[in-house]
Amino acid sequence: MLHLCLVMSLFLVGQIAWTGNLKSAIQTDATSPSDIGNKPGDELWLLPLPGVDADPAIPDSKTVLRYDWGQDISSHLQISIFLESLAQAAPDRTRLVNYGLTYEGRTLNYLVISSPENIARLDEIQANIQKLSDPRTCDQASADEIAKSNPAIVWLAYCVHGNEISPSDSALLTAWHLLADRREETQNRLKDLVVIIDPLQNPDGRDRFVNVFRETRGLFGQSNPNANEHTERWPGGRFNHYWFDMNRDWFRHSQREVRAKVAAFLDWYPQIYVDSHEMGANSNYYFSPPADPKNPYLLPTQHDWFSRMGMHQAKWFDQYGFGYVTREMFDAFYPGYGSEWPTLQGGLGILWEQASARGLVVDRDDETQLTYHDGVRHNYISGLATIEFAAANRERLLRDFYHSRLRSVELGSEGPVRHYFLLNDGPGRAAELARLLVRNGIEVRTLEEAVLAAGTNIASGTESETRIPAGSFHVPVAQGAGRLLRSLMDQNVEMDEKFLRRQLERNELGLADEIYDVTAWSLPLSFDVPCIQTGEIEVKSTVWDPVVTTGEPDFAAAKVAYLIPGSDGAMQALSWLIQKGVRTHVSDESFRINDRDYERGTLIVKVSGNGPDLEAVVREAGRKFPVSIVPVDTAYVQQGVHMGGPDVHWVKPPKVLLVVNEPTSESCGHTWHLFDEKLAYPTTRVKGEDFSRVRLADFNTVILPDGSYSANNGFGKARADELRAWVEQGGTLVTMRGGTAWAADPENGLLKNLVVKRKVELPGERKEEDKTEMVRPDNVPGAFFRTSVFQKHWVTFGYRPELDIFYSGSLIISPTGETEGRSLVSFAAKDKLLASGFCWATSQDLMAETPYAVYRGIGDGHLVSFTDDPNFRAMYPALQRLFINAVMFGAAH
Ligand SMILES: [Zn+2]
């Protein structure tokens, strides 16, 4: 019971009182197989390095965790306890910082390690780095002074993918080495550096891995890669609680762990930021320099650093005969990676990838075995090499960090693009986007006076003279984060031509492409916020304070109704009002009342039909959400539809079933995240395998996220018939990507659109009828496409007739023209289809003028289908609104 309480307190309390008593919570003796890997004394043992003059006052793994370095896979709790033990043993050289909590309540911690003199003046060191990061206020002389006297900041971060396991235990060993090794060479490095060690960026994912590993392992380690201790359980440990890949979230900050980490990063602006990962068991070790394509906003000096650091690391690896690879894999293009975002901030983001044993030992294809211990050793050596390099280059690293930031300022004072302006019109996401930029360490300003400027609209690419009203958000490029800013805001970030040519050649030859992730991400497009970029103009603006000040909502009690124009905030308010038992209506058409126009999708909260506390509840909604609320004392409309007419519908509370686990993909987590975090609306999540046990009549909304639905996993024709019967009775079925492909399968017959295939010529001598084959279109790696939006449907409330949308994948469905149903969002004609990023010409041919989203009415119910996942990575608020409309208004219609 004592143990349980201690564990619970560690999980649940934000600010931990670090006590040595926690050590007693660990019971691991029974389960550590100590005969795995090379044994102490072996030439390759190196854990720790031979020659380390270890201070016994600094506790090692064996003392605290009861197993030797690299002999077991530590859990979040064990990692936390070990950090605490180090901090207690060396209080003059450490500072332990709890910087956040995961969704499952585990703590995020980093340990600052430096010399006693540096720790004593840590705040001053931090203030100097902050000063250095802003060349607008820090002149060259001050920068020189700081570079001469300040330690450089090296941040080593481990295990952002929870099943990439060895990095975390290497982190503990590296931290121990820095504190325990009494040799001058080690302690001197701490005079030159502040080393920040974050051993575990993804505690929830790691514990998911560790729990299954411990459940499945026995007396003998199983080295067969298919043995259950290596294979995890759905969805595996890679993702966090909501099944997000946090190594794609660095600028979007959709996950709370990433928000906390980025805030901590901006406290320190490290000159070197290492992100330590694992990859497949049959590989070796990767470190920089990175492969193509490279983000064009990285500086040549930064690429030089990557090469120099790589050479230094290679020297250490060569000394011990460790295999490695550089340059051939892992590009430096997408700013959401843990290696790119820090580099665009002016530091050096470094990626390490160690082959993973996914357990303590695994057989490799070359008939050797890889041990956990091998991984720990390699990352440990990488850490020591990095620290040695950083200490030797301390002053130059600080100078170049300043210069990288200075060149960003120059980019905005000399380059063609100098200012961005976010306009407040449109769907009302300008403030949300502005707030995100601030969280990225970017200064956002408020325009004090309107300006007339020749500028380019980011979405359309058209140039014109535009009047930018006062109150718009102004984001000048001339700031320390200017390169990051441009890379996030530009309509398109170019991939280098040589790389693209090679991909086209490979595609011609039928070889897989080397594009690792998405090819476009422009934030104004993702948010559908009108954004104007200009050259040099006179601007009067002041720094914007993003802290939301929600004053008392300014409206009087209504006699008849409260009107809430249908913004994203209104959808949050709707979710809340429904849960408060408030009956709310929505208008399918626009109307005019008291000389003001209201768009379709406006929410109407009528006084009649609601309780006496309505005014107080509505007022609270006005306080909680970014909405405008207009009371009206008459139902008499001057124009458009009447509140009492057939186009105004009661929003029947959605009762949502979301299919999760197999056969879905992480798409189900992204959708769950939207309901929990954006809408705060309850869902019932049911595993695919349990779907047959559910009474469908208990729900009015069912969501099939992306997945591989088939008769083999319980989604055969009988399931389709059952769902059709339920839809006919008034249910709303929403499908995405794989769910849509399943619905469109003629065997299932839910959707009448057909899945489009690509015709390919087959080589060799063949009969006429065998010369071609129909195959899936080439995978679109992720780009923005122009679409038109059907304006007369409740799923498209809040949308203008044209929209740039993000699409990836290979699901293309036939147009609805000849068949039953309605295209809600349709891709444009080929000549204007691609808005940003890269797409194969063959895919563009097939995609042109086909639907992205379709609607089919079946009986009293609805089927809404998307060819991709609009909730992908929570990256595209402009797409998510379609999904939100589909689930919140389906039961109402
Ligand atoms: Zn990884």
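One is the number of the first residue; the rest follow in order along the sequence. In this text the structure is predicted, and so the values were computed from the model without any measurement.
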Quick one: do [X] and [Y] make a salt bridge, cutoff under 4.0 Å?
X: R259; Y: E677; result: yes
X: D528; Y: R800; result: yes
X: D292; Y: K498; result: no
X: D588; Y: R600; result: no
X: K830; Y: D845; result: yes

Could you grab the distance from atom [atom1] of [X] to atom [atom2] of [Y], nearest 0.5 Å is fine?
X: K261; Y: H253; atom1: NZ; atom2: NE2; result: 9.5 Å
X: Q479; Y: R405; atom1: CD; atom2: CZ; result: 8.0 Å
X: T671; Y: N871; atom1: OG1; atom2: CG; result: 4.0 Å
X: T867; Y: R737; atom1: OG1; atom2: CZ; result: 9.0 Å
X: F591; Y: R596; atom1: CZ; atom2: CZ; result: 9.5 Å
X: S413; Y: R136; atom1: OG; atom2: CZ; result: 11.5 Å

For [Y], does its backbone N or O pair with a side-chain atom of [X] as donor and acceptor, under 3.5 Å?
X: E340; Y: N295; value: no
X: R439; Y: A263; value: no
X: Q533; Y: Y420; value: no
X: E599; Y: D597; value: no
X: T519; Y: F838; value: yes
X: Q844; Y: C839; value: yes
X: S522; Y: D490; value: yes
X: T534; Y: G455; value: no
X: T816; Y: S823; value: yes
X: N457; Y: T462; value: no

Residue among [options] satisfying ring-ring contact (aromatic ring centres under 6.0 Å, His included) with [X]:
X: W521; options: F333, F872, F527; value: F333
X: F889; options: F883, W794, F797; value: F797
X: W250; options: Y273, F244, Y337; value: Y273

Is the gap between the ring centers of [X] and [Y] under 6.0 Å?
X: F827; Y: Y807; value: yes
X: Y242; Y: H670; value: no
X: F251; Y: W341; value: no

Just wondering, are more than 12 heavy atoms of other shown residues or ligands nearer than 6.0 Å to [atom1] in [X]?
X: Q130; atom1: CD; result: yes
X: D139; atom1: CG; result: yes
X: E465; atom1: CD; result: yes

**OP:** Apply side-chain hydrogen bond (donor to acceptor under 3.5 Å, both in side chains) to the pair W305 and D400, showing each step before the final yes or no.
**Re:** CA-CA 10 Å; W305 278 107; D400 269 15; 2.7 Å; yes
Subject >> Option among D568, L574, L674 that satisfies the side chain to side chain contact (heavy atoms under 4.5 Å, CB included) test with I884 >> reply: L674
Original post:
If you measure only the distance, is there a donor-acceptor pair under 3.5 Å linking the side chains of S339 and D275?
Top reply: no
Original post:
Any side-chain heavy atom of F499 within less than 4.5 Å of one from I515?
Top reply: yes
